[in-house]
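Worksheet: the structure to be examined is printed underneath.
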2 protein chains.
Amino acid sequence: MARPYTPGVDRAHPAAGSAPADPVWSSVRDRLHASGLRWTPQRRTILDVLAASDGHVTGAELVERCRAIDPATTPSTVYRTLDVLEDLGVVRHHHGPDGREEFHVLPEAEHGHLHCRVCGRSWEVGAAEVEPMLDALRRHRGFEADISHMALVGRCADCREIRRG
Amino acid sequence: MARPYTPGVDRAHPAAGSAPADPVWSSVRDRLHASGLRWTPQRRTILDVLAASDGHVTGAELVERCRAIDPATTPSTVYRTLDVLEDLGVVRHHHGPDGREEFHVLPEAEHGHLHCRVCGRSWEVGAAEVEPMLDALRRHRGFEADISHMALVGRCADCREIRRG
DNA sequence: ATCGCTACTGCGACGCGTTGCGATAGAGTG
DNA sequence: CACTCTATCGCAACGCGTCGCAGTAGCGAT
């Protein structure tokens, strides 16, 4: 067939139903190859899952969703692939209030995270909001902080309202 | 003996050699009682360990040091006690780059944390350094962030020097 | 000194994430 | 197509931290 190489149509693994035509995802394959890395059915599964996710997802959730597509998926493969994808800039991760990993797919803009300890909700803070502080750290200490990994824990407006203090 | 109640001299458990005469530690006992909580040999062991620690210590390290004093120490007891002590304000914890817990005993001043992803070293940042940003978050979003729990990951001056980027 | 209430302990099992290792299989080459 | 090199996989075991439960033991009251 003269199909111009849609990634993942030739799977033997049950790697999802709809092949992601998204150029972002197909480019991952090339980027892996460019770094001497490989394109495998397992990685395709994970990319399919990521493509179908939005917002923040925990590591365990990603493993679970991969299993829904391919029950043979093992955690180690998922976590290792997520590491690779983070190197490629496809995902970013930070740690929630309890230290567990949360991943964000292809963030449109770099951002940090706020977690309310009381209600558990979370918000994103734009780079602009924290840039002044990061800039100060850079100037005074030469420390270059990773915004994406930043997670501030505290109490949100609503929860402060309820229990004044 | 007319010894005026040095906490922990009457131990049956092997809770340390030198009893901490430090008023800070002895006050913990009273503070527990004031909250309807209890003073136990296990808690004394943990306080002894904390008293002998300075800077930041991981949870696992604390468990290990408790075991050195009392080999019967179990992790769950240690972690649960640390929770209680955090409520009392005796310790503060945050999460390192890998999400593991790090505890700080009785910080003299509230501070956040910087972790270099490359060399693994860490620094403290004074409240003053981050206050402007926290203030902005408070004003714009009503979010009250916990400085002690803040951990920024990135690259320190030395490591940026070596691998420019 | 004894009693009763319940905070606390220790145990066992679990959940998340990581690591080492032998086996497998991408992908470039002849 | 067969061959080689090595990135990747799956497994099993581990480390950190949490949780539920049944028994223990602080501590205030009698």
Side-chain angles (χ1 to χ4, degrees), chain A residues 5 7-8 10-13 15 28-47 57-67 70-88 91 93-103, chain B residues 5 7-8 10-13 15 28-47 57-67 70-88 91 93-103:
Chain A
Y5 137 137
D10 55 319
R11 68 196 96 92
H13 282 240
V28 171
R29 178 177 186 164
D30 298 334
R31 301 217 273 140
L32 285 168
H33 284 166
S35 310
L37 305 178
R38 292 176 188 167
W39 180 250
T40 68
Q42 293 83 351
R43 290 189 172 171
R44 216 186 88 67
T45 300
I46 294 167
L47 280 173
V57 203
T58 66
E61 267 166 9
L62 290 174
V63 171
E64 206 46 54
R65 294 184 194 177
C66 284
R67 272 209 220 279
D70 178 3
T73 307
T74 56
S76 50
T77 297
V78 175
Y79 287 111
R80 281 193 279 231
T81 297
L82 286 168
D83 284 350
V84 171
L85 293 178
E86 185 144 18
D87 284 345
L88 291 184
V91 298
H93 89 278
H94 67 282
H95 297 274
D98 52 0
R100 276 180 215 170
E101 291 189 318
E102 294 195 3
F103 291 86
Chain B
Y5 139 131
D10 56 320
R11 67 198 98 92
H13 282 240
V28 171
R29 178 176 185 165
D30 298 333
R31 302 218 274 137
L32 285 169
H33 285 167
S35 310
L37 304 179
R38 294 176 188 167
W39 179 251
T40 67
Q42 293 83 350
R43 291 190 171 170
R44 215 184 89 68
T45 301
I46 295 168
L47 281 173
V57 203
T58 66
E61 268 166 9
L62 290 174
V63 171
E64 207 46 54
R65 294 183 192 177
C66 283
R67 273 209 218 279
D70 177 4
T73 307
T74 55
S76 49
T77 296
V78 175
Y79 287 111
R80 280 192 282 231
T81 296
L82 286 169
D83 284 350
V84 171
L85 294 178
E86 185 144 19
D87 285 345
L88 291 184
V91 299
H93 89 278
H94 68 281
H95 297 274
D98 52 0
R100 275 179 217 169
E101 291 189 318
E102 293 195 4
F103 291 86

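Reminder, nothing fancy here: chain letters follow the sequence lines and each chain counts from 1. Computed from a predicted model, the values in this text were never measured in an experiment.
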Kindly compute the distance separating [atom1] ([X]) from [atom2] ([Y]), expressed to the nearest 0.5 Å.
X       : Y       : atom1 : atom2 : answer
B:Gln42 : B:Leu47 : CD    : CG    : 12.0 Å
A:His94 : B:His95 : NE2   : NE2   : 11.5 Å
B:Thr40 : B:Ile46 : OG1   : CD1   : 7.5 Å

Whole angstrom value for the distance that separates [atom2] of [N] from [atom1] of [X]:
X        : N      : atom1 : atom2 : answer
A:Leu62  : C:dG17 : CG    : C1'   : 13 Å
A:Glu61  : C:dG15 : CD    : P     : 15 Å
A:Arg100 : C:dG15 : CZ    : P     : 11 Å

[X]: what forms a side-chain hydrogen bond (donor to acceptor under 3.5 Å, both in side chains) with it, not counting sequence neighbours?
X       : answer
A:Ser35 : none
A:Thr73 : none
A:Glu86 : A:His93
A:Thr81 : none

Salt bridge (Lys or Arg N to Asp or Glu O under 4.0 Å) with [X]: which residues, sequence neighbours excluded?
X       : value
B:Arg38 : none
A:Asp87 : none
A:Asp83 : none

Handout entry: Upstream residue (5' side of DNA chain D) when A:Leu32 and B:Thr58 are each assigned their closest nucleotide
Key =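 Upstream on the strand: A:Leu32.
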Check nucleotides 2-4 of chain C for protein N or O atoms closer than 3.5 Å to its own N or O atoms and list the pairs.
none

Problem - Closest to the A:Pro41 side chain, choosing from C:dG26, D:dG17, C:dG17 - result: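 Of the candidates, C:dG26 comes closest.
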What protein N or O atoms touch nucleotides 27-30 of chain D N or O atoms at under 3.5 angstrom, if any, and at what distances?
| from | atom 1 | to | atom 2 | distance (Å) |
| --- | --- | --- | --- | --- |
| D:dC27 | OP1 | B:His33 | NE2 | 2.4 |
| D:dC27 | OP1 | B:Trp39 | N | 2.6 |

Handout entry: By side-chain contact (heavy atoms from CB on, under 4.5 Å) - contacts of A:Val57 (at least two apart)
Key =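 A:Val57: side-chain contact (heavy atoms from CB on, under 4.5 Å) contacts with A:Ser53, A:Glu61, A:Leu62, A:Arg65.
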Handout entry: B:Arg100 (side chain) donor-acceptor with B:Thr58 (main chain) under 3.5 angstrom
Key =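 Not at all, since once roles are kept as given, no pair shorter than 3.5 Å links the two residues.
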Practice task
Scan A:Gly36 against the nucleic acid and name what it touches under 4.0 Å (heavy atoms): base, sugar-phosphate only, or nothing.
Solution key: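 It contacts sugar-phosphate atoms only.
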Practice task
May I ask you to list the residues of residues 76-84 of chain B, by number, that have any heavy atom positioned under 4.0 Å from an atom of DNA chain C?
Solution key: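 The answer is B:Ser76, B:Thr77, B:Arg80.
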Practice task
Tell me whether the OP1 or OP2 atom of C:dG10 has a side-chain N or O from B:Gln42 closer than 4.0 Å.
Solution key: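 Yes, such a contact exists.
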Practice task
Give me the bend of the helix from C:dA1-D:dT30 to C:dG30-D:dC1, using the axes of the five pairs at each end, rounded to 10°.
Solution key: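 Answer rounded to 10°: the end axes differ by 10°.
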Problem - 5' priority, DNA chain C, between B:Thr73 and B:Asp98 [closest heavy atom] - result: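 This one resolves to B:Thr73.
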